[in-house]
2 protein chains.
Amino acid sequence: MVSASGAESRKVTINDVARSAGVSRQTVSRALNDKDEIDSDTKQRVLDAARALGYRPSRFARGLVRQDTMTIGLVIPDLLNPYFTEVAASALEAARTHGWHVVVYDTADRAEEELGTLQVISSQVDAVIGYFSCSDSELEAFTRGMPVVLIGREGRSTRFSSIRIDGREGVHAAVAHLVAKGHTRIGMVDHQARAEPSIRHTWFTAAAAAHGIDGGMVVGADQTADGGGAALRELLTAHPEVTAVFTFNDIIAIGALREARRLGRSVPQDLAVIGFDGLQLGALMEPPLTSVALDTRQLGVLAIEQVARLLSDPRTLAVEDLVVHAELRLSGSA
Amino acid sequence: MVSASGAESRKVTINDVARSAGVSRQTVSRALNDKDEIDSDTKQRVLDAARALGYRPSRFARGLVRQDTMTIGLVIPDLLNPYFTEVAASALEAARTHGWHVVVYDTADRAEEELGTLQVISSQVDAVIGYFSCSDSELEAFTRGMPVVLIGREGRSTRFSSIRIDGREGVHAAVAHLVAKGHTRIGMVDHQARAEPSIRHTWFTAAAAAHGIDGGMVVGADQTADGGGAALRELLTAHPEVTAVFTFNDIIAIGALREARRLGRSVPQDLAVIGFDGLQLGALMEPPLTSVALDTRQLGVLAIEQVARLLSDPRTLAVEDLVVHAELRLSGSA
DNA sequence: AGCGGTCCCGTGAACGCTCACGGGAGCGCT
DNA sequence: AGCGCTCCCGTGAGCGTTCACGGGACCGCT
């Protein structure tokens with residue numbers, strides 16, 4: 001914690017301006033906030049004095065007396081992952097329509113940063129939106145009495161609101177599509193989970209079973225393109241017969257796409273690839289990425305709206321079922 | 001213990017907790033801030049009371065009395081553009097080492113939003129970092145007496161600090177590379193500037209002139225992949241003889257890459273493409289993007305460090321020349 | 001002269017918290 | 001008993017701003 005103001009001059013307050021302009025602090029306040037009940041000459045004099053002194057009103061004092069400033073914290077694991085960026089962008093925009101401020105925290109996908117961020121955030125924002133991997137109880141401990149909206153989290157606590165991402169049908173459609181194309185050996189590159197496999201993996205195995213094919217060829221990957229590439233190599237080494245892969249998300253898929261190219265496998269002829277998320281980025285790939293796409297824009301908006309609801313009535317909780325459906329969007333890679 | 005806080009209950013303060021626990025507010029403060037001079041039993045009692053009441057300290061009141069919370073505003077034109085995301089990510093990380101908070105504002109690349117954001121920001125943050133297209137005087141009007149660090153802005157005001165991006169040599173090297181490869185008809189896809197052509201265009205024409213080739217084949221594009229694609233088509237229609245293009249940035253270059261593919265021109269054989277920025281994203285393209293790369297990580301760090309300097313000594317200003325050099329990074333596309 | 005109204009402007013209070021100080025209770029020691 | 005010390009705890013003040021109120025000055029009208 002570095003001391004904030006190292007400057008030598010102490011802060012200049014409204015009283016300094018008042019004294020300098022020869023008026024009361026209330027008159028200064030009137031001038032600055034553009035209210036009436038003030039003579040235009042004195043107003044100008046006050047404004048001049050304020051500028052001369054370099055006066056800037058304290059946001060803390062102002063916030064203390066008028067309760068109209070809302071700041072919500074947005075916690076995401078990795079700003080460099082376009083998926084989170086898309087969500088963040090839409091959340092930012094939705095927040096702006098409410099006149100709310102958004103402070104962004106990047107936890108770098110590390111659990112300890114998550115806790116530290118939570119610690120800090122709890123005393124700095126009025127509500128929290130984000131992706132968390134920590135336990136409900138840890139979350140609860142830091143966000144006591146604060147609206148919390150979780151995204152893409154499965155364990156449905158009654159304490160927090162959460163926006164569920166439902167890709168069951170989308171993944172089913174993806175597998176169906178692959179099967180229709182003649183693929184019978186379909187692998188999956190899952191997220192390198194902390195412990196258990198992801199829900200998307202569950203959807204995949206279910207879909208595979210429904211089509212009577214083997215859903216057991218799975219490897220884990222970091223949520224990066226490089227991670228996806230390495231995982232694909234691993235998968236193909238273990239199971240050379242694989243002709244199609246479904247990946248945890250688009251970033252991993254993109255890495256797999258590149259790795260396939262390096263291995264001399266052309267997509268989609270030698271290897272079909274289907275991602276998850278439907279990032280705009282996928283459309284730029286060669287071939288364009290087929291993906292089980294979800295509406296990230298809607299995600300951000302939904303999160304903000306839920307915060308608004310929680311704020312106006314804390315008992316709203318998670319009674320309403322917030323869900324974003326992901327559906328198969330066909331493109332070149334499968 | 002039901003949280004009796006109905007929808008319309010007023011905020012619970014430290015005094016409520018004190019009353020509920022049968023102690024003074026100071027004792028409550030001691031318990032919550034983990035200070036000593038308090039019995040462990042009373043401490044626990046206070047903590048329990050606080051939790052029961054759903055008490056959360058006011059960040060305004062706390063910020064008013066202890067001046068240790070720094071919030072800096074980061075203003076970027078478009079969060080969906082990976083370039084700005086990379087800068088934002090590094091700035092976020094650098095800010096964290098100072099214990100500072102960063103609120104992000106996306107101006108959607110619109111001038112009016114920029115002004116509105118500036119308006120709002122001026123009373124909500126302690127310093128501003130960002131990309132602005134508005135005039136110095138407008139900027140000055142809103143940020144009076146506040147540290148401001150501009151990125152990639154050319155007009156060097158003495159009022160603000162600014163981090164200059166120097167790509168002159170990098171662009172020169174890019175053109176030299178293309179010429180060495182036998183290209184003589186080199187076009188450029190510039191940014192659709194508000195009025196005047198970009199500084200990068202200036203570098204390009206200078207480099208072209210230095211190599212005795214025509215630097216006049218230029219078209220403008222939106223800062224999107226689609227914009228880049230459309231611009232390339234426009235360029236090739238007007239100048240079919242072009243065999244290489246330099247683009248304002250990587251996003252545009254990526255769009256051009258895709259468009260070239262659609263037009264049946266293979267890269268780099270039929271058309272060489274060189275971008276600017278050196279985004280990580282470029283490495284995922286096919287072929288990987290050659291670019292005049294700059295260190296976005298360093299950019300964010302530099303900006304934060306400059307804020308720190310301005311804060312400790314406001315007279316620092318822009319005396320020091322802050323600059324990030326961009327240099328040619330060869331890859332597949334040229 | 002008296003009254004009502006408009007136009008300015010200033011004074012106390014409040015917002016919720018922390019800091020600096022003061023002080024009582026209990027203990028051991030001379 | 002008197003002194004000093006430690007351990008807790010509470011009281012006043014103040015952070016910088018806005019809100020609610022009060023009031024003086026001036027004008028016009030009856």
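Atoms considered below: every heavy atom in the structure, side chains included; atoms not considered: hydrogens, waters and symmetry mates. Just so it is clear, the model here is predicted, and its values are computed rather than measured.
- At a cut-off of 3.5 angstrom, the base of C:dT18 holds at least one donor-acceptor pair with the side chain of B:R25.
- Within 4.0 Å (heavy atoms only), B:I38 reaches sugar-phosphate atoms of the nucleic acid but no base atom.
- Remark: P of C:dC17 and NZ of B:K35 are 14 Å apart, rounded to the nearest angstrom.
- From the 5' end on, the contacts that DNA chain D makes with chain A at under 4.0 Å to a non-hydrogen atom open and close at D:dG16 to D:dA20.
- For B:K11 and C:dG16, the NZ to P distance is 8 Å, given to the nearest whole Å.
- The side-chain contact (heavy atoms from CB on, under 4.5 Å) check on B:S135 picks up B:S137, B:E138, with sequence neighbours excluded.
- If you take CZ of A:R62 and C1' of C:dC15, they are 15 Å apart, rounded to a whole angstrom.
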- Check the pair A:R51, A:D48 against salt bridge (charged side-chain N to carboxylate O under 4.0 Å, His left out), reporting the backbone distance first and the verdict last. CA-CA 5 Å; A:R51 180 172 23 174; A:D48 290 344; 2.9 Å; yes
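- Atom-to-atom, CZ of A:R30 to C1' of C:dC7 comes out at 11 Å; the value is rounded to the nearest Å.
- Among pairs with a residue in residues 95-107 of chain A, those fulfilling salt bridge (charged side-chain N to carboxylate O under 4.0 Å, His left out) read A:R96-B:E113, at least two apart in sequence or across chains.
- Within the structure, salt bridge (charged side-chain N to carboxylate O under 4.0 Å, His left out) pairs that include any residue of residues 71-82 of chain B do not occur (at least two apart or interchain).
- Among the candidates A:D41, A:D34, A:T42, the single residue satisfying the side chain to side chain contact (heavy atoms under 4.5 Å, CB included) test with A:I38 is A:T42.
- By the side chain to side chain donor-acceptor pair (under 3.5 Å) test, B:T107 pairs with no residue at all, sequence neighbours left out.
- The distance between atom CZ of A:R19 and atom P of C:dT11, rounded to the nearest whole Å, is 13 Å.
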- Item | Test log, rule salt bridge (charged side-chain N to carboxylate O under 4.0 Å, His left out), inputs B:D68 and B:R66 | CA-CA 6 Å; B:D68 57 356; B:R66 12 187 288 206; 3.5 Å; yes
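- Mapping B:V65 and B:V23 onto DNA chain D by nearest heavy atom places B:V23 closer to the 5' end of the strand.
- Comparing the local axis fitted to the first five base pairs of the helix from C:dA1-D:dT30 to C:dT30-D:dA1 with the one fitted to its last five gives a bend of 70°, rounded to 10°.
- Between the P atom of C:dT6 and the CG atom of A:D36 lies a distance of 13 Å, rounded to the nearest Å.
- At a threshold of 4.0 Å, the pair B:R153-B:D136 counts as salt-bridged, since one of the basic side-chain nitrogens sits closer than that to a carboxylate oxygen.
- The closest side-chain donor-acceptor pair between B:E114 and B:S133 falls under 3.5 angstrom.
- Taking atom CD of B:Q67 as the reference point, atom C1' of C:dT18 lies 11 Å away to the nearest angstrom.
- Going from atom CD1 of B:I14 over to atom P of C:dC19 covers 11 Å, rounded to whole Å.
- Of the two residues contacting DNA chain C, namely B:F60 and B:E37, the nearest-nucleotide position lying further toward the 5' end is that of B:F60.
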